Undergrad: 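Okay, here's the structure, questions in a sec.
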Amino acid sequence: MSMIRPSLILRVELPEQLVTDEVKADFNRAYSHMAPTMVQPAQGDEKTIEFVTHTQQAFWKSTDEGADAMWNGMMLQWLENMFYKLSNNMIAVNANRVEDGKDPFVFDWMDMQMGDTLLSIKLDADSGIPDCALDMVKKARALCNGGDLSDAVRIDMPSRASYEQQKAAAEQAAAENVEGDAPAEQPVAFDVAFGTWGITDAAGATREYSA
C-alpha cells in the first residue's frame, strides 16, 4: 500500500484581547512556510497551539487496516521532523519578537488530535516542544491500543493537577530564595516532570496515570 504524506494545520488559541489583525498577520508570516495557520480566541487565559494532522490513511488505532504500517512507515518520522521544525520555529519567532520590542508569545500547551484521542503536551518555558514528546506520543498510542488507556479520549502530559503542583513548588522555592527587596514578579522556569498523566474517558470521568 502506498503511503501519502500527512499535511499539517496549526490552530493557535490566544486570550481574546490578543487576537488582532496584526497578530494574525504576524503568525501567518512566521509559520506560512510550515503550515496554514489559524488564530482564534481561547476560552481562558492559556496560549495553546494545536497540531492538526490530516491524513488519508488511519494511523492511530491498530485495528484499522494499514494503521500500524502507516504509523511505523510514515507517521513516526514525519512527527519527529515536524516537532523539530515547529519547536525551533516557535523559539526563533519569539526571539525575533523580543528583538523587535514586542512581547513573545509563550505557549503553554500543544494539543494533538490523534485518532479519537486528544493529547495535550506541556511545552517548555520558551515554547519549545519537550525532547520527550515523541516518546510520550508513541507510548500513548501503545497504551490506547488495548492497554491501560484504551478508554482515553484525552491525555494531558503531565496532568493539569501535577503541573500545578510542580509550578507551586517551584514558585515557593523561588520565593524562599529571594533576599532583600523582591524583584518584579516573573514566571518561574522549572523542569517539568511528565511522569503523571491526566486521563479523561468518554463519559468525562478523570483519573491520573503513572506513565
Side-chain angles (χ1 to χ4, degrees), residues 4-56 59-60 74-134 136-137 140 153-158 160 163-164 167 184-192 194 198:
I4 301 174
R5 185 176 297 276
S7 60
L8 174 66
I9 294 175
L10 297 174
R11 184 178 294 122
V12 175
E13 293 191 355
L14 302 173
E16 186 171 5
Q17 67 272 18
L18 298 180
V19 181
T20 64
D21 290 342
E22 180 183 0
V23 167
K24 291 179 181 179
D26 284 348
F27 272 100
N28 285 329
R29 282 194 297 269
Y31 293 90
S32 61
H33 66 288
M34 290 191 58
T37 304
M38 298 179 289
V39 181
Q40 59 192 38
Q43 294 183 351
D45 292 330
E46 288 185 345
K47 301 182 184 73
T48 302
I49 189 161
E50 186 175 355
F51 188 101
V52 183
T53 304
H54 286 281
T55 69
Q56 297 184 22
F59 63 87
W60 189 251
M74 175 69 73
M75 289 301 300
L76 282 175
Q77 186 62 55
W78 183 80
L79 286 171
E80 183 176 11
N81 291 340
M82 296 310 296
F83 280 6
Y84 177 80
K85 292 177 181 178
L86 179 58
S87 184
N88 285 343
N89 197 67
M90 287 194 291
I91 294 171
V93 166
N94 277 336
N96 290 337
R97 287 184 64 86
V98 171
E99 288 182 3
D100 292 340
K102 300 178 181 179
D103 291 332
F105 286 113
V106 180
F107 289 100
D108 301 298
W109 299 82
M110 178 178 72
D111 289 350
M112 306 175 64
Q113 188 69 48
M114 297 280 100
D116 295 332
T117 306
L118 177 70
L119 309 183
S120 188
I121 301 173
K122 183 69 182 75
L123 297 175
D124 292 339
D126 59 1
S127 290
I129 298 173
D131 292 339
C132 61
L134 184 60
M136 291 195 296
V137 174
V153 297
R154 180 187 177 99
I155 304 175
D156 291 292
M157 306 168 167
R160 297 303 174 106
Y163 173 71
E164 291 300 330
K167 180 181 176 183
E185 184 176 347
Q186 295 290 337
V188 176
F190 60 95
D191 293 329
V192 176
F194 291 91

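Here, residue 1 is the first one in the sequence, and each next residue gets the next number. In this text, all values refer to a predicted model and were calculated from it rather than measured experimentally. Atom set for the values below is all heavy atoms of this structure, side chains included, hydrogens, waters and symmetry mates excluded.
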Undergrad: Could you go through residues 6-18 and list every donor-acceptor pair under 3.5 Å that involves a side-chain atom there, pairing it with any protein atom two or more places apart or in another chain?
TA:
{"from": "R11", "atom 1": "NH1", "to": "E50", "atom 2": "OE1", "distance (Å)": "3.0"}
{"from": "R11", "atom 1": "NH1", "to": "E50", "atom 2": "OE2", "distance (Å)": "3.4"}
{"from": "E13", "atom 1": "OE2", "to": "Q40", "atom 2": "NE2", "distance (Å)": "3.1"}

Undergrad: Grab the two heavy atoms, one from S120 and one from W109, that are nearest each other, plus how far apart they are.
TA: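 The answer is OG-CE3, 3.6 Å.
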
Undergrad: Keeping the roles fixed (side chain from D126, backbone from G128), state whether a donor-acceptor pair exists under 3.5 Å.
TA: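 Pair found, side chain donor or acceptor close to backbone of G128.
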
Undergrad: Using the ring pair (Phe, Tyr, Trp, His ring centres under 6.0 Å) criterion, which residues pair with F83? Sequence neighbours excluded.
TA: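 Residues passing ring pair (Phe, Tyr, Trp, His ring centres under 6.0 Å) with F83: F51.
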
Undergrad: Please collect all side chain to side chain donor-acceptor pair (under 3.5 Å) contacts where either partner lies in residues 92-101, sequence neighbours excluded, each pair once.
TA: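 Passing the test, one end in residues 92-101: D26-R97.
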
Undergrad: Who are the ring pair (Phe, Tyr, Trp, His ring centres under 6.0 Å) partners of Y84, not counting sequence neighbours?
TA: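 Expected list: none.
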
Undergrad: Which residues pass the ring pair (Phe, Tyr, Trp, His ring centres under 6.0 Å) test with Y31, sequence neighbours left out?
TA: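 Y31: ring pair (Phe, Tyr, Trp, His ring centres under 6.0 Å) contacts with F27.
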
Undergrad: State which residues pass side chain to side chain donor-acceptor pair (under 3.5 Å) with T117; sequence neighbours excluded, sorted by chain then number.
TA: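 Side chain to side chain donor-acceptor pair (under 3.5 Å) check on T117 returns nothing, list empty.
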
Undergrad: Looking only at heavy atoms, what is the nearest atom pair of S127 and V106, with distance?
TA: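 It is OG-CA, 3.2 Å.
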
Undergrad: Find out whether V137 and M157 are in side-chain contact, i.e. whether some heavy atom of one side chain is under 4.5 Å from a heavy atom of the other.
TA: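 The answer is no; the side chains never approach within 4.5 Å.
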
Undergrad: Cut-off 3.5 Å, side chains only: do N28 and T37 have a donor facing an acceptor?
TA: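 Side chains of N28 and T37: no pair found under 3.5 Å.
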
Undergrad: Would you check if the side chain of K122 reaches a backbone N or O of D108 as a donor-acceptor pair within less than 3.5 Å?
TA: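 At least one qualifying donor-acceptor pair exists.
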
